[in-house]
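Both backbone and side-chain heavy atoms feed into the values below; hydrogens, waters and symmetry mates do not.
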Amino acid sequence: QVQLVESGGGLVQPGGSLRLSCAASGSIFSINAMGWYRQASGKQRELVAMIGSGGSTNYEESVKGRFTVSRDVAKNTVYLQMNSLKSEDTAVYCCYAGGVRGRNADFYRNTWGQGTQVTVSS
């Protein structure tokens, strides 16, 4: 029943900015961690940024200082502010939610969105 829907992807020039959003829907009581993974063409999926329930964050090394992950706990929404974008950031970005507890007492360990394309190019 839990679904994640991403938005905000698109085409931007190098050095530009983009803000991704991901909203979880369903009968949700709480979500432990939310974040973003990405997969570039021909490469393996990698963690981009994650934010835990306590506010702790984890970033892939190459995006530190450029990307900021945040969340609105009440709205079950996670954001990824991406600044100083590089061509290397081009990938499909997928939203992730870990430890989702439903109001019906169901528990979902891992939930994934279907992804949004981010293309950084001149």
Side-chain angles (χ1 to χ4, degrees):
Q1 186 190 354
V2 177
Q3 293 184 336
L4 302 178
V5 180
E6 304 99 332
S7 63
L11 174 65
V12 296
Q13 293 185 327
S17 297
L18 209 58
R19 180 179 170 87
L20 305 183
S21 299
C22 171
S25 62
S27 298
I28 299 170
F29 177 75
S30 65
I31 301 174
N32 183 13
M34 297 189 76
W36 300 87
Y37 285 78
R38 69 184 180 187
Q39 186 167 24
S41 180
K43 294 186 176 181
Q44 292 186 317
R45 185 176 63 186
E46 66 177 358
L47 174 71
V48 179
M50 192 72 65
I51 182 166
S53 60
S56 61
T57 57
N58 185 30
Y59 294 95
E60 194 276 324
E61 193 68 26
S62 69
V63 310
K64 287 182 178 179
R66 300 188 297 120
F67 291 10
T68 302
V69 63
S70 61
R71 67 187 289 186
D72 185 329
V73 176
K75 294 183 178 181
N76 295 317
T77 300
V78 64
Y79 307 93
L80 185 67
Q81 179 65 47
M82 304 185 294
N83 299 324
S84 302
L85 283 162
K86 306 174 181 179
S87 60
E88 306 93 89
D89 296 316
T90 296
V92 174
Y93 286 69
C94 293
C95 181
Y96 169 85
V100 180
R101 293 187 179 275
R103 292 191 176 275
N104 59 359
D106 286 348
F107 181 77
Y108 307 93
R109 191 171 189 87
N110 301 293
T111 305
W112 297 88
Q114 59 186 19
T116 184
Q117 177 71 46
V118 172
T119 301
V120 184
S121 177
S122 299

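- Both Val12 and Leu80 are part of a single hydrophobic cluster, where members link through side-chain heavy atoms under 4.5 Å apart.
- Within the 4.5 Å cutoff, the side chain of Ser70 has no heavy atoms near those of the Gln81 side chain.
- Taking the side-chain hydrogen bond (donor to acceptor under 3.5 Å, both in side chains) definition, one finds that Ser7 meets it with nothing, sequence neighbours left out.
- Inspection of the Ser27 and Asn104 side chains reveals no N or O donor paired with an N or O acceptor under 3.5 Å.
- Put simply, the side chain of Ser53 does not reach to within 4.5 Å of the side chain of Ser30, judged on heavy atoms.
- Residues Tyr79 and Arg71 form no side-chain contact, since every pair of their non-hydrogen atoms from C-beta on lies 4.5 Å or further apart.
- Formation of a donor-acceptor pair under 3.5 Å by the Glu6 side chain with backbone atoms of Gly115 is found in this model.
- For residues 33-53, every residue pair satisfying the salt bridge (charged side-chain N to carboxylate O under 4.0 Å, His left out) rule, not counting sequence neighbours, is listed here: Arg38-Glu46, Arg38-Glu60, Arg38-Asp89.
- Evaluation of the salt bridge (charged side-chain N to carboxylate O under 4.0 Å, His left out) test over residues 100-122, restricted to residues two or more places apart or in two chains, returns none.
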Inset, instruction - List the steps and the verdict of side chain to side chain contact (heavy atoms under 4.5 Å, CB included) for Cys95 and Val78. - result: CA-CA 8 Å; Cys95 181; Val78 64; 3.7 Å; yes
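- Looking at Glu88 and Ser62, their side chains never bring a donor and an acceptor atom within 3.5 Å of each other.
- How far CD1 of Ile28 is from CD of Gln3: 10.0 Å, rounded to the nearest 0.5 Å.
- Taking each heavy atom of Tyr59 and Phe67 in turn, the nearest pair found is CE2-O, 3.4 Å.
- Contacts of Thr119 classified as side chain to side chain contact (heavy atoms under 4.5 Å, CB included), with partners at least two apart in sequence or in another chain: Leu11, Thr90, Gln117, Ser121.
- Partner of Val69 under the side-chain contact (heavy atoms from CB on, under 4.5 Å) criterion, chosen from Val48, Val63, Thr57: Thr57.
- Taking OH of Tyr108 as the reference point, atom CD of Gln1 lies at 6.0 Å (rounded to 0.5 Å).
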Inset, instruction - Could you walk me through whether Asp72 and Thr77 pass the side chain to side chain donor-acceptor pair (under 3.5 Å) test, one step at a time? - result: CA-CA 5 Å; Asp72 185 329; Thr77 300; over 6 Å; no
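- Hydrophobic cluster membership of Tyr37, counting Ile, Leu, Val, Met, Phe, Trp and Tyr whose side-chain heavy atoms lie under 4.5 Å apart directly or via other members: Leu47, Met50, Tyr96, Trp112.
- Every residue two or more places apart in sequence or in another chain was checked for a side-chain hydrogen bond (donor to acceptor under 3.5 Å, both in side chains) with Gln13, and none qualifies.
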Legend entry - Steps toward side chain to side chain contact (heavy atoms under 4.5 Å, CB included) verdict (Phe107, Val100): CA-CA 6 Å; Phe107 181 77; Val100 180; over 6 Å; no
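- The OG1 atom of Thr68 lies 6.5 Å from the CG atom of Asn83; values are rounded to the nearest 0.5 Å.
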